[in-house]
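FYI, side chains are in, hydrogens and waters are out, and symmetry mates aren't considered; it's all heavy atoms of this structure. Chain A is the first sequence line, chain B the second, and so forth, proteins listed ahead of strands; every chain is numbered from 1.
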Amino acid sequence: MLPPFHWDGETLTYSGCLLEEYYRVSMKSHPDGIALDTSTPAEIIPSIRWMLRLDDDLTAFYTICESEPALQHVPIQGWGRLLRSATIFEDVIKVITTTNTAWSGTIRMCTNLVNEFGEYGAFPTASQLANASVEDLKTRAGVGYRAAYIQSVAQQVASGELDLEALKYTTRDTNALYKFLRQLNGVGDYAAASLLMLLGRYAHVPIDSLAREMVSRHFYEGNPVTPAQIRQTFARFGEYAGLAYWCWKEPE
DNA sequence: TTCCAGGGGTAGA
DNA sequence: TCTACCCATGGA
């Protein structure tokens, strides 16, 4: 839900610019699935399938949801396919812009990155960000101290030293993947857990102010909670702990 | 003015 | 592993 993409609630259309050939794509809800323009190039389809997780099998999670009142809406309403960007690089940078800031700040930072450093309305490539100076990123994108983190990741990807896209369908186990993500400059526990969710690994709960507030309110009568208490709250959902947290909705 | 956002890095214990 | 401190920025 961040630039360069945009959700139009009137026409129920999700649109934005994909990096591949800078193609502008619109996705619209359809009774049989997702409707795309007939002009959509075939090479764009895998990216769209990735973004919308059309190939993810959530059967096991849905079975778990049926026995939990606060998750029963999930299989009924088709929840659980968390929207993601076409590239891991874009999501890594976006997650970094969610850290220690309000959501409005994240939107502002991503808007600036697209407008100041991208081309044709697309999210900037690793090369485009790697070629920008840290000072440029601070002043033109307003990302503050995150500029050094963004620059560092962009340079590693642009130089070929780091292949983030290889993580898309990796069979590496979740803990190894977590450790790998934590090595990235600017990616801590929260960001790594968020990125794992985007990669389809849901064992970790991204613990941020939202998670603290949610767990405090629903499970600890409004009292302050520790990260350990948050993890313990969703531990029974095992490899789906993070997804259970994200989809949690107390029955009316 | 102060506080705090969808936290993370570093140093020191 | 835990704590204290610093890090930019804007809205409340």
Student: Closest nucleotide of DNA chain B for A:Asn185 versus for A:Thr98: which of these residues is on the 5' side?
Tutor: A:Thr98
Student: Rounded to whole Å, how long is the line connecting atom OH of A:Tyr149 with atom P of C:dC6?
Tutor: 15 Å
Student: Can you tell me, in whole Å, how much space there is between the P of C:dC7 and that of B:dG6?
Tutor: 22 Å
Student: Whole Å only: how far is the CD atom of A:Gln183 from the P atom of B:dG9?
Tutor: 11 Å
Student: Rounded to whole angstroms, how far apart are CE on A:Met197 and P on B:dG6?
Tutor: 16 Å
Student: I'd like to know if A:Arg84 pairs up with A:Asp91 as an ion pair, taking the criterion as any Lys NZ or Arg NE/NH1/NH2 lying under 4.0 Å from an Asp or Glu carboxylate oxygen.
Tutor: no
Student: Checking contacts here: which listed nucleotide (B:dG6, C:dA8, B:dG7) is nearest the side-chain heavy atoms of A:Thr99?
Tutor: B:dG7
Student: Just call it for A:Arg108: base, sugar-phosphate, or nothing, with non-hydrogen atoms closer than 4.0 Å on any strand.
Tutor: sugar-phosphate
Student: Classify A:Gly105 by what it touches in the nucleic acid, base, sugar-phosphate, or nothing, heavy-atom distance under 4.0 Å.
Tutor: nothing
Student: Provide, to the nearest angstrom, the distance between the CG atom belonging to A:Asn100 and the C1' atom belonging to C:dC5.
Tutor: 13 Å
Student: Under 6.0 Å between ring centres: does that hold for A:Trp50 and A:Tyr169?
Tutor: yes
Student: Using whole Å, report how far CG of A:Leu198 lies from P of B:dG6.
Tutor: 17 Å
Student: Roughly how many Å is it from CE in A:Met109 to C1' in C:dT9, rounded to a whole number?
Tutor: 7 Å
Student: Calculate the interatomic distance between A:Tyr190 atom OH and B:dA5 atom C1'; express it in whole Å.
Tutor: 11 Å
Student: Checking all strands, does A:Leu2 fall into the base, sugar-phosphate, or nothing category for heavy-atom contacts under 4.0 angstrom?
Tutor: nothing
Student: To the nearest Å, give me how far apart CZ (A:Arg182) and P (B:dG8) are.
Tutor: 7 Å
Student: Between A:Lys249 and A:Glu68 (salt bridge meaning N to carboxylate O under 4.0 Å), is one present in this structure?
Tutor: no
Student: Only one of A:Tyr245, A:Tyr240, A:Tyr202 forms a ring-ring contact (aromatic ring centres under 6.0 Å, His included) with A:Phe234, so which one is it?
Tutor: A:Tyr245
Student: With heavy atoms under 4.0 Å as the rule, sort A:Ala191 into base, sugar-phosphate or nothing.
Tutor: sugar-phosphate
Student: Any donor-acceptor pair under 3.5 Å linking the side-chain atoms of A:Tyr14 with those of A:Ser29?
Tutor: no
Student: With distance as the sole criterion, do the side chain of A:Asp208 and the base of B:dA5 form a donor-acceptor contact below 3.5 Å?
Tutor: no
Student: Under 4.0 Å, counting only non-hydrogen atoms across every strand here, what does A:Val187 touch: a base, just sugar-phosphate, or nothing?
Tutor: sugar-phosphate
